[in-house]
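Notes for the one structure printed next.
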Amino acid sequence: MCRLLNVLLALLSRFLFAVHGVVTVWRVVAVKEEPLYWLLLTGVALLGVEMAVTLKCTRNAEWKWFSPMVFLYLSTVIPSIWFLELSLLQSKLPVNNSSGPELHLLAHIPITAGIVELDPENWVAGLEQTMLIVLVLGRWLMPKGDMSRDQLSQLLMVYVGLGADILDIFDTFKEPEVKTNRAIVIVGLALFSWALMQFPLVLTQTQSPKGEPPQKSMGGLSCCPGAPLAFASCCSSEVWSLLLTVGLQDGPFLLYRLYLMVQEQVLNQLMIFFTCKNILIVLLELYRIFVVQCEQPLGGSGLGKCADLVLWCRTNRGEEEEVEVEEEAGREECLGEQNLHTDTERSTGIEEDQKGVQV
């Protein structure tokens, strides 16, 4: 029953991603008026193959640290957003010119008539906003794998917070100083794509489920299964998660916003608020990393702890080898004593037999 439920959830989440991916690519084809852009659906088309491999090779219908399904969905949506944003930047296409055969076909449907008449800028904004909503819903619907419900809820709340910050990048494109600057728009799109690479990763599960031992890092360092728990978090998933958040989003976004404020003179309430927010978050994340590392009994950096772990393993192995050598020597000594005792008994028996024969 649990297996069947996982299959149904896997189908539903991938169907949600596929629908949004098809709509996004359809909009690109309608704007560009070039059927060749349907090739962008390659990522979504591979979702069926990915689901079959995932269900076949995993125990809980989901991978632990990386989600190929989300990655394939983003491989379709991110290029489509690039094409749509660059089209807005270049020519501000009117609705009449962007209408292809697909638009006329949908215009005959009463429900979609109002959607087709949307301004191109509203189309792009709607697709960008629904993309982040679909990412959260898809992650919620898909099988949770090895995560507990508590970890899944934490992950979803993290996704919502990340999405709100990412969407603000597109608001900067509307500023008079930025909307015609091709270089700044391209850098903003690059940061948007870079930040979305957090979503296929599942490093935000920082605590082990109740009743399970603490998680070790991706690298594992599982050469010593009997190592003390103090070594288990030398490269914990929480530290990796914080470092990735700083490197993939908060750090680059902070530099981008500071550049816009200082160099381009983009000053408004939202820009100042999100810049201060990025500064505060970066400081808190660095402080959290420091606290996590310093709370360990052995102290020192993660590399130092890893070195201590390796030394501990080698020492234990050396002690085990010495014990094995001593045990082997003891066994040989006992065996020698037993053989000597046996030989003595045999010689004594032979002497008694000889005395008996002489008598």
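The model shown is predicted, which means the values in this text are computed figures rather than measured ones.
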*Quick one: salt bridge (charged side-chain N to carboxylate O under 4.0 Å, His left out) partners of D168, sequence neighbours excluded?*
R257
*asked:* Test ring pair (Phe, Tyr, Trp, His ring centres under 6.0 Å) on Y287 and F290; report intermediate values, then the result.
replied: CA-CA 5 Å; Y287 173 73; F290 175 77; 7.1 Å; no
*Sub-3.5 Å donor-acceptor pair from the side chain of Y256 to the main-chain atoms of I184, do we have one?*
yes
*Spell out, as yes or no, whether a donor-acceptor pair under 3.5 Å connects the side chain of R139 to the backbone of L135.*
no
*Centres of the F192 and F170 rings: under 6.0 Å?*
yes
*Could you state the interatomic distance from OH (Y259) to OG1 (T275), rounded to the nearest 0.5 Å?*
14.5 Å
*Are W82 and S193 close enough, and set up right, to give a side chain to side chain donor-acceptor pair (under 3.5 Å), and what steps lead you there?*
CA-CA 9 Å; W82 273 73; S193 306; 2.8 Å; yes
*Between F17 and V44, is a side chain to side chain contact (heavy atoms under 4.5 Å, CB included) present by the stated rule, with each step listed?*
CA-CA 8 Å; F17 283 156; V44 170; over 6 Å; no
*Evaluate the side chain to side chain contact (heavy atoms under 4.5 Å, CB included) criterion for residues Q198 and Y159: first the C-alpha distance (whole Å), next the side-chain angles of each, then the deciding distance (0.1 Å), finally the verdict.*
CA-CA 9 Å; Q198 299 171 95; Y159 278 4; over 6 Å; no
*Taking the side chain from Q263 and the backbone from L260, do they hold a donor-acceptor pair closer than 3.5 Å?*
no
*Within the distance-only criterion (no hydrogens, no angle test), does the side chain of T76 pair as donor or acceptor with the backbone N or O of L40 below 3.5 angstrom?*
yes
*Taking only residues two or more places apart in sequence or in another chain, which ones pass side-chain contact (heavy atoms from CB on, under 4.5 Å) with S67?*
E62, M69, V70, M142
*Just checking, any donor-acceptor pair under 3.5 angstrom between side chains of N278 and Q249?*
no
